[in-house]
Amino acid sequence: MAEAAIPRSRALAREERRRRLGPFGVLTHLALLVWTVLVVIPIAWTFLASVKSEDEIFGDAWSLPAVLRLDNWARAWDQAHIGQYMINSVVVVAFGVFGTMLFGSMAAYVLARYRFFGNRAIYLLFVSGLAFPVYLALTPLFFVVQNMGTLPVVGPFIGLNTHAGLVLVYIAYSLPFTVFFLAAFFRTLPGAVAEAAFVDGASHTRVFFQIMLPMARPGIVSVTIFNVLGQWNQYQLPLVLLNSDRSKWVLTQGIADFSTAAGYDADWSALFAALSMAILPMLVVYTIFQSQIQKGLTAGALK
């Protein structure tokens, strides 16, 4: 009797979910399914092509390779210098995301928790950056970074064709979304804990770094992942600011050059291996922090 009741209870639960979802819920799930297929199939095909020969790639596209050609990955890493470009990307993104989160979280905390003249205007100035396409300012941005290179002492380190200059632009590019996201999150945190710390003699800096920042961990992790993804996939900014020194190119520049340099004689197997190398780290990062991202996106709504 108990075993027969279990399938019945599951069927009733499924029927209840269908009733609650309604027609719009079904359409939403269908749209998500279609979107999943559109995203997963190209990624799966890229990884499959990365271990196939060129004849197999241009033959039956979905056939399994006769032999796993891991030499495609080695060829892309060494001959196409994808290894060097990936190291450059890791360095630039690591410093860019660190600077973005440090300055963005401090600015968002002050704008969210302190009341002063001009608070709203500064917040709106940050948020307005979300509505301004950075690509419209590429030419002025080029000359700004070029002029930064003429500054005494620090100029050679932050001008054109420098990783530090690109990092500064990445930070400025990512701050609007970071401040917008974290300011809303900091507003949801309880103020009683901070007030108790102030009564005990804690400074504003200590309250921020030791109390409020740990409490905002779900939001911090979420926006960090978004910034990592955005900066890792950035192509236009490095193309403009790292335009001459190939040794300092990032991964997106290297892959684009690899795909166009040889024209129709391109090494397609190694090219797909290079694309797989670019995709794999982001898949790993998102898989590891997926639950944290979901908590960060829903925490503000649940408080």
Side-chain angles (χ1 to χ4, degrees), residues 28-51 72-73 76-77 82-83 85-105 108 130 134 166-167 169-171 173-186 188 213-238 250-256 259 271-302:
T28 300
H29 281 70
L30 182 61
L32 290 174
L33 178 62
V34 172
W35 177 254
T36 302
V37 171
L38 292 176
V39 171
V40 170
I41 288 181
I43 294 177
W45 189 83
T46 299
F47 279 103
L48 182 63
S50 70
V51 292
N72 296 338
W73 289 62
W77 185 269
I82 296 300
Y85 299 145
M86 180 172 286
I87 292 173
N88 292 342
S89 287
V90 169
V91 171
V92 169
V93 171
F95 282 100
V97 171
F98 175 79
T100 301
M101 297 310 302
L102 177 63
F103 298 124
S105 60
L130 294 172
V134 69
L166 183 61
V167 166
V169 173
Y170 274 4
I171 293 173
Y173 166 81
S174 304
L175 274 178
F177 172 74
T178 302
V179 172
F180 171 74
F181 187 98
L182 290 181
F185 197 90
F186 277 123
T188 66
L213 203 60
M215 291 173 63
R217 184 172 178 270
I220 295 291
V221 172
S222 298
V223 76
T224 297
I225 299 304
F226 290 138
N227 283 325
V228 169
L229 293 173
Q231 295 183 19
W232 181 267
N233 294 323
Q234 184 57 243
Y235 172 68
Q236 198 71 37
L237 291 176
V250 296
L251 189 58
T252 50
Q253 287 175 281
I255 292 177
S259 64
L271 175 60
F272 283 113
L275 290 172
S276 300
M277 292 179 193
I279 295 171
L280 192 58
M282 296 301 99
L283 285 179
V284 173
V285 168
Y286 185 81
T287 301
I288 293 175
F289 294 101
Q290 180 182 5
S291 61
Q292 291 291 335
I293 295 173
Q294 293 173 348
K295 290 178 182 178
L297 293 176
T298 58
L302 296 176

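Residues take their numbers from the sequence shown, with the count starting at 1.
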Which of these passes side-chain contact (heavy atoms from CB on, under 4.5 Å) with Val39: Thr36, Ile41, Ile43? Ile43
Could you pull out the closest heavy-atom pair between Val223 and Phe177, with the gap in Å? CG2-CE2, 3.6 Å
Tell me whether the count of non-hydrogen atoms from other residues, nucleotides or ligands lying under 6.0 Å of CZ in Phe180 goes above 12. no
For the CG atom of Leu229 and the OG1 atom of Thr224, what is their distance to the nearest 0.5 Å? 11.0 Å
Does either side chain, that of Ser89 or that of Trp232, offer a donor lying less than 3.5 Å from an acceptor on the other one? no
Phe95, CZ: over 12 other non-hydrogen atoms inside 6.0 angstrom: no
Work out which heavy atom in Ala278 is nearest to a heavy atom in Met86; give both atom names and the distance. N-CE, 4.4 Å
Quick check: closest heavy atoms across Leu182 and Ala108, and the distance to 0.1 Å? CB-CB, 3.6 Å
Nearest heavy-atom approach of Ile220 to Ser105 is CD1-CB, 4.2 Å
Drop me the distance from Phe103's CZ to Phe98's CZ, to the nearest 0.5 angstrom. 8.0 Å
Look at the side chain of Gln236 and the backbone N and O of Pro238, then say whether any donor-acceptor pair between them is shorter than 3.5 Å. no
So which heavy atom on Gln231 is nearest to which on Ser174, and how close? NE2-OG, 3.0 Å
Using 30° and 60° as the class boundaries, would you call the ring planes of Phe185 and Phe181 parallel, tilted or perpendicular? parallel
Roughly how far apart are Leu251 CG and Ile87 CD1, rounded to 0.5 Å? 11.0 Å
Just do the side-chain contact (heavy atoms from CB on, under 4.5 Å) check on Tyr85 and Ile255 with the steps written out, would you? CA-CA 9 Å; Tyr85 299 145; Ile255 292 177; over 6 Å; no
Side-chain donor/acceptor of Thr46 to backbone N/O of Ser276, under 3.5 Å: no
Give the C-alpha distance, both sets of side-chain angles, the deciding distance and a yes or no for side-chain contact (heavy atoms from CB on, under 4.5 Å) between Leu237 and Tyr170. CA-CA 8 Å; Leu237 291 176; Tyr170 274 4; 4.1 Å; yes
Heavy-atom closest pair, residues Ile82 and Ala76: CG1-O, 3.1 Å
Nearest-0.5 Å distance, CD1 of residue Ile279 to CG of residue Leu283: 7.0 Å
From Met277 atom CE to Trp77 atom CH2, the distance as rounded to the nearest 0.5 Å: 6.5 Å
Applying side-chain contact (heavy atoms from CB on, under 4.5 Å), run through Met101 and Thr178 and close with a yes or a no. CA-CA 7 Å; Met101 297 310 302; Thr178 302; 4.2 Å; yes
Spatial distance of atom CG (Leu271) from atom CG (Asn72) [nearest 0.5 Å]: 10.5 Å
